[in-house]
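Structure, as structure tokens:
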There are 4 protein chains.
Amino acid sequence: MTVMRGRQFFQNPGPTNIPDRILRAMDRASMDFMGKEFAEIADFCFAGLKRVFKTKQTMFVYASNGHGAWEAAVVNLFSAGDKVLVLETGRFSASWGEMATAYGLQVETLNFDWRTGVEPAKVEERLKADTAREIRGVLLVHNETATGMTHPVADVRKAIDRAGHPALFLSDTISSLASIDFRMDEWKVDVAVGGSQKGLMLPIGMGFTGVSKKALDATQSATLPRAYFGWRLMLGRQPQKFPGTAPVHHFYGLAEAIRMLDEEGLDACFARHTKLGEATRAAVRAWGEGGGLQLYCSNPKLYSDSVTAILMAPGIDAEKVRIAALDRYNVSLGGGLDSLKGKVFRIGHMGDLNEPMLLGALACVEMALKTAGIPHKTGGVDAAMTVLAN
Amino acid sequence: MTVMRGRQFFQNPGPTNIPDRILRAMDRASMDFMGKEFAEIADFCFAGLKRVFKTKQTMFVYASNGHGAWEAAVVNLFSAGDKVLVLETGRFSASWGEMATAYGLQVETLNFDWRTGVEPAKVEERLKADTAREIRGVLLVHNETATGMTHPVADVRKAIDRAGHPALFLSDTISSLASIDFRMDEWKVDVAVGGSQKGLMLPIGMGFTGVSKKALDATQSATLPRAYFGWRLMLGRQPQKFPGTAPVHHFYGLAEAIRMLDEEGLDACFARHTKLGEATRAAVRAWGEGGGLQLYCSNPKLYSDSVTAILMAPGIDAEKVRIAALDRYNVSLGGGLDSLKGKVFRIGHMGDLNEPMLLGALACVEMALKTAGIPHKTGGVDAAMTVLAN
Amino acid sequence: MTVMRGRQFFQNPGPTNIPDRILRAMDRASMDFMGKEFAEIADFCFAGLKRVFKTKQTMFVYASNGHGAWEAAVVNLFSAGDKVLVLETGRFSASWGEMATAYGLQVETLNFDWRTGVEPAKVEERLKADTAREIRGVLLVHNETATGMTHPVADVRKAIDRAGHPALFLSDTISSLASIDFRMDEWKVDVAVGGSQKGLMLPIGMGFTGVSKKALDATQSATLPRAYFGWRLMLGRQPQKFPGTAPVHHFYGLAEAIRMLDEEGLDACFARHTKLGEATRAAVRAWGEGGGLQLYCSNPKLYSDSVTAILMAPGIDAEKVRIAALDRYNVSLGGGLDSLKGKVFRIGHMGDLNEPMLLGALACVEMALKTAGIPHKTGGVDAAMTVLAN
Amino acid sequence: MTVMRGRQFFQNPGPTNIPDRILRAMDRASMDFMGKEFAEIADFCFAGLKRVFKTKQTMFVYASNGHGAWEAAVVNLFSAGDKVLVLETGRFSASWGEMATAYGLQVETLNFDWRTGVEPAKVEERLKADTAREIRGVLLVHNETATGMTHPVADVRKAIDRAGHPALFLSDTISSLASIDFRMDEWKVDVAVGGSQKGLMLPIGMGFTGVSKKALDATQSATLPRAYFGWRLMLGRQPQKFPGTAPVHHFYGLAEAIRMLDEEGLDACFARHTKLGEATRAAVRAWGEGGGLQLYCSNPKLYSDSVTAILMAPGIDAEKVRIAALDRYNVSLGGGLDSLKGKVFRIGHMGDLNEPMLLGALACVEMALKTAGIPHKTGGVDAAMTVLAN
């Protein structure tokens with residue numbers, strides 16, 4: 001058995017590479033979560049999170065992963081039997097809907113072609129048809145990690161507005177936050193759901209929700225039972241009262257992540273992801289010219305700059321590429337999820353990433369395609385380099 | 001403003017000192033939580049947790065703090081309107097009851113004197129009186145972190161048995177686990193709730209429940225809505241399917257914690273805590289001879305070996321001691337919680353602790369008593385040394 | 001075999017406790033030692049070292065321990081056959097003289113009683129007698145780590161001046177630097193020798209020399225062969241040209257150490273050491289009242305605030321205390337060196353140390369005295385607390 | 001000013017990438033360098049170093065960089081006026097000779113074309129001509145870091161043997177050790193000089209010499225003064241007595257490095273370097289087809305597998321490539337040293353390196369060539385991938 005040497009290239013679409021600075025910031029003794037020093041750290045983090053979410057409204061932090069933040073959005077806003085409209089565009093939007101179902105909501109799913117993505121006009125149409133205003137919430141995943149597509153939150157917002165519908169607008173920004181522009185207040189998102197382990201470059205274990213005034217009002221009448229994720233309790237102290245002990249170490253890391261984002265600037269950070277995303281797509285297009293593989297996303301307006309899903313030609317097992325990259329070249333890619341298992345593999349390119357990291361990974365993907373015997377053209381890395389050198 | 005130098009002595013009763021080995025184990029790159037290497041780590045951790053809980057039954061791990069694990073116990077076992085009996089012995093048992101109330105359970109509280117603790121005979125009496133078997137669960141906190149008392153789980157079990165009552169028996173072992181002996185299977189505890197940041201010496205962010213066969217059966221008919229903390233989903237994979245991304249870094253740390261516990265041996269670990277607890281109590285008794293302060297726990301059978309609460313004489317503010325120790329000597333103690341605020345301060349002595357750490361802390365408490373002008377006798381450290389040198 | 005838990009109390013008089021901040025600063029990737037970023041770090045470090053040495057003259061840094069810096073002092077200033085006067089006050093001054101002998105210098109030793117220390121009047125007398133001005137250098141160890149005594153560099157300087165003698169004045173400040181006041185320029189020290197692992201709180205591996213203009217001039221005519229430690233080469237670049245690769249990681253740590261010293265302030269740092277030193281001596285005096293042990297230093301003007309040597313009564317093995325403290329209580333003390341082996345043990349109290357750390361250690365020394373069956377009085381910790389609480 | 005994100009690719013030919021495992025092993029509290037635990041670590045390290053040097057003879061470790069180990073070789077073996085023969089093949093062999101000159105040795109230099117390397121026949125010829133056996137030592141650098149060439153130590157040994165010459169044979173293995181096969185005993189090398197910061201993957205600060213029985217005998221009559229690097233003192237304890245304090249933290253790291261080398265196996269490690277070296281050379285050849293640049297080494301038998309030097313066409317500044325790679329793509333390359341400054345740039349490929357790391361770096365070099373406007377062909381990365389995918 002070969003022992004691997006050198007650094008693993010971790011190109012999963014989450015968790016992502018954690019910068020040394022963040023790991024070192026978390027490699028620190030505990031502190032009193034009710035003391036002054038922690039209060040300063042927490043204040044800095046809440047303010048920073050609001051800058052990242054682009055909101056001036058309320059922020060809640062959970063000792064949980066992103067699914068916990070999903071749950072917080074559901075249990076604080078609704079009552080059993082409430083109807084919500086899930087805009088299904090992939091695995092994660094479907095899962096969020098399942099969670100709502102588990103909580104006794106009436107979930108109506110608006111299905112979109114996963115490869116072309118959400119159509120705001122259909123959302124408008126459905127909401128207009130809801131003359132009884134039964135739909136209490138619209139759930140959209142901004143960036144579908146399973147398909148590598150970024151859905152137009154602003155356009156869906158406009159569709160809701162055009163329909164004049166009062167439903168709360170919930171958006172998952174887990175795999176877009178701090179990688180792709182997200183504007184909670186400008187887009188009038190009522191609850192924006194984030195997690196620590198993607199663009200925020202932290203270990204798993206912290207969930208976030210930005211919450212609008214309208215959503216906070218809605219929580220007054222929501223009757224789903226809640227405690228751990230309950231906002232009412234959390235409002236009992238500034239910036240937030242925690243149920244139990246606050247996740248001190250994740251706050252250490254979050255503070256460092258925010259410092260890093262402040263240094264780079266969000267716009268520069270988004271531009272970097274755009275370039276890395278384009279380079280990845282250029283590589284995939286080059287490999288796929290012969291027809292063996294292609295970008296899963298077939299709607300060029302919705303390419304994700306944080307993750308790319310690659311669809312194999314029928315009969316070709318995507319897992320072979322993933323395993324060859326991992327076992328032979330120490331490059332960890334994402335596989336296809338559920339119905340896409342074996343059909344796609346995924347390259348994450350979010351978080352703490354730069355040109356040599358991406359090119360090293362793409363080069364090994366190209367070699368893994370060869371190793372795995374997948375029909376493909378060479379030249380993918382060259383195509384990516386052409387993008388990046390400009 | 002004086003700059004502190006040297007290491008802070010962190011004698012809070014949670015979170016606790018994190019050993020360097022564990023911090024370093026967590027100072028590591030992400031890995032694929034669906035890959036082989038993580039599977040091996042997770043298997044090791046689940047097996048180790050079962051040794052620590054002394055159970056061969058089912059273990060669930062949550063990306064949450066201990067309150068999340070409390071919630072898991074509530075939502076998986078019960079239905080709205082179910083009656084549970086909370087054995088109130090302090091702040092944390094009360095809180096657990098409040099959480100049950102939030103979930104729509106009918107909570108009956110059996111109040112015990114917080115300074116003398118649970119009386120199994122009264123539990124037996126109450127359960128015998130429940131001829132309709134309305135009580136579905138009995139909730140007990142093994143070690144009350146707020147009062148520094150360890151309640152006799154085994155005796156309560158016997159009381160339930162004597163009453164022949166079928167209620168589920170739930171025990172919080174958050175601040176006793178891996179510090180004070182806890183035997184889930186032998187004591188027929190149906191759900192044992194633990195957290196990462198006490199005797200397991202980890203950062204905050206991981207909750208645990210040991211779950212009996214009987215409890216797993218009960219979950220079939222329980223109708224409280226649940227998703228993030230739902231066991232059904234988790235049973236879908238071995239050792240556990242996670243809702244969302246598994247908390248990889250906490251598993252890194254947990255594996256190291258288990259290795260450390262295996263090296264020392266649980267019995268040696270418990271004996272160490274007993275000695276450190278006795279030394280702490282000897283110091284408090286010496287300080288308190290003149291009447292200025294005393295052990296909060298007035299029932300010698302229930303002294304906790306992981307945390308000691310010290311009750312001040314009427315009119316004396318316990319916060320003065322806590323603040324003097326912190327601001328002048330860099331020793332972080334616990335304050336009194338809620339109704340005990342200002343009345344007690346608390347010395348944690350659980351987790352990765354040894355003689356010089358405890359004695360350094362106790363010496364600074366003794367100096368802080370002087371600094372704060374609290375009436376006390378000196379000689380506390382000497383008394384502790386007498387215990388520890390034997 | 002018992003497994004130790006909790007932190008080891010490392011009370012050796014070097015290396016010392018390394019603060020987490022410094023360890024974390026060194027836990028970092030390599031960088032180009034010829035690049036801009038390293039140049040900035042090095043500039044900051046050289047400037048900071050000059051503040052610590054209290055000199056505006058030249059500073060050289062070596063990839064070596066303190067013995068390397070001793071060697072640099074010898075080989076750059078002298079020629080074979082040159083006479084130097086070693087003021088022998090303990091093991092380390094003797095060793096420095098042996099090194100000079102190895103380099104072919106004619107070493108004359110002025111022996112002082114190790115327990116009462118250097119007498120400037122005798123130095124003056126000897127230099128006055130050197131009418132031929134054969135003595136080219138006077139070597140003094142500021143703080144004798146073996147005996148726990150701080151010699152009066154300023155007074156020796158005055159003795160040299162009173163003798164009107166042109167000899168170069170060399171002082172080892174290895175175990176005093178950044179713990180006890182040292183003033184290179186004010187005291188007209190020509191070469192001041194320091195190391196990384198004491199008051200600078202770093203790992204072993206960096207040596208320093210502050211070098212006066214007069215010493216730099218002397219190096220022109222010095223004919224001892226030299227390369228690795230040769231100053232001429234080092235002057236070839238600003239702040240210094242390194243022979244081979246510069247010790248990048250130690251510079252990372254040194255920069256953090258300087259930041260910590262800047263935050264605290266040197267005066268506050270010295271005052272802290274004075275208090276900790278006094279507390280240690282108070283403990284020793286209390287233990288020794290019955291005659292079983294005493295301070296090795298019998299000259300109260302020369303007590304060292306960075307290390308205390310404790311002399312046992314005749315026939316009592318000091319190693320027993322050291323071993324009991326280490327094996328039973330995880331407190332690492334220093335033993336006696338060479339001729340003092342078994343006769344003294346030593347408590348280091350320099351570097352990153354505070355009250356609870358020292359008191360925890362002293363308490364365990366007191367327990368170790370008991371464990372080892374050494375005749376002593378109790379009450380040492382109480383005496384130390386009395387000092388520290390004032 | 002652009003803030004860099006992601007990991008810097010550190011392709012300097014020393015110091016090299018330090019694996020996280022080694023950084024974490026060094027991120028640890030001090031320990032008593034005279035205690036049992038350190039003795040075990042040191043024993044393990046000395047035994048491991050001997051496996052790496054492939055010697056069963058004596059090993060000395062220095063708290064210094066590689067230049068210190070050079071100096072140890074010189075001062076322990078020779079007396080002033082002794083003649084040594086330096087086989088000059090590049091900057092580092094020249095420097096070693098300069099150090100010998102500084103120590104008063106009579107240095108005779110046998111100059112070889114730096115691009116074709118050492119010719120054993122000329123060595124044989126010169127030694128045969130030395131009928132008076134005046135030459136006391138032959139100095140060879142195994143792997144010239146400045147030129148990217150590996151000289152045939154075994155062949156030079158044979159040349160010495162054919163000449164029947166008794167001179168000591170000294171070889172610098174600093175940039176080959178643990179990357180390229182080196183066999184001290186088989187090749188009858190009398191002193192082999194190594195450093196920590198190349199193939200051993202450690203920070204700078206540790207030097208090594210493997211020393212033959214013959215060399216140890218020679219030290220008896222050598223009269224150069226020495227202390228810090230003196231072997232006599234070091235032989236006073238097993239495995240070694242240190243002058244002053246032993247470099248504890250580097251031993252922590254060295255132990256981990258040896259464990260990593262043991263896991264991979266030296267042969268696998270060398271094979272990995274061979275493949276990475278070939279890939280690098282394939283890339284350079286592809287870029288250089290048009291004549292703009294070429295491998296500095298023009299002797300295919302002597303290609304180094306740990307570092308490649310690339311020679312620019314006349315009039316083209318190599319620094320432009322180095323700076324473009326660093327400033328634009330965060331890839332740190334080596335520049336040309338001294339007479340080669342501006343003429344070559346260098347790619348290190350030793351130590352903890354794998355395919356994606358190298359390919360990421362090579363891709364950025366290719367982009368830097370474009371950015372810097374250097375005439376070159378594209379396709380370098382493709383050529384490297386072809387090598388690596390086989």
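Order of the sequence lines sets the chain letters (A, B, ...), proteins ahead of strands, with each chain counted from 1.
Heavy atoms only, all atoms of each residue included: D/R226 and C/A102 are closest at O-CB, 3.8 Å.
Contact count against chain C (heavy-atom pairs under 4.5 Å) is highest for D/Y103 among D/Y103, D/W70, D/F33. Among D/G14, D/S64, D/G207, the residue making the largest number of heavy-atom pairs under 4.5 Å with chain C is D/S64. Top candidate by heavy-atom pairs under 4.5 Å with chain C, chosen from D/A246, D/G230, D/G195, D/G334, is D/A246. When D/I204, D/I22, D/D27 are compared by the number of non-hydrogen pairs under 4.5 Å with chain C, D/D27 comes out ahead. By number of non-hydrogen pairs under 4.5 angstrom with chain D, the leading residue of C/E98, C/H67, C/M99 is C/H67. Heavy-atom pairs under 4.5 Å with chain D peak, among C/L326, C/T245, C/N17, C/N12, at C/T245. When each of C/G335, C/G205, C/G68, C/G35 is checked for heavy-atom pairs under 4.5 Å with chain D, C/G68 comes out on top. Interface summary for chain C: among D/Q8, D/R28, D/H250, D/M26, the most heavy-atom pairs under 4.5 angstrom belong to D/R28.
With a 4.5 Å cut-off on non-hydrogen atoms, D/F242 does not touch chain C at all. With a 4.5 Å cut-off on non-hydrogen atoms, D/M206 does not touch chain C at all. Interface residue D/Q197: only side-chain heavy atoms are found under 4.5 Å from chain C. Of the atoms belonging to D/F10, it is side-chain heavy atoms, and not backbone ones, that fall under 4.5 Å from chain C. At a 4.5 Å heavy-atom cutoff, the contact between D/S332 and chain C is made by side-chain atoms alone. There is no contact between D/R232 and chain C, counting heavy-atom distances below 4.5 Å. Both the backbone and the side chain of D/D32 come within less than 4.5 Å of a heavy atom of chain C. No part of D/A80 comes within reach of chain C, as not one of its non-hydrogen atoms sits under 4.5 angstrom from that chain.
Summarising the local packing, NZ of D/K320 is surrounded by 12 or fewer heavy atoms from other residues, nucleotides or ligands at distances under 6.0 Å.
Considering only heavy atoms from C-beta on, D/L337 comes within 4.5 Å of C/M34 through its side chain.
Taken to the nearest 0.5 Å, the NE2 atom of D/H249 stands 3.5 Å off from the CD1 atom of C/I18. C/K36 NZ to D/D327 CG: the interatomic distance, rounded to the nearest 0.5 Å, is 5.0 Å.
For D/F229 and C/Y228, the distance between ring centers is under 6.0 angstrom.
No donor-acceptor pair under 3.5 Å is formed between the side chain of D/N65 and the backbone N or O of C/P247.
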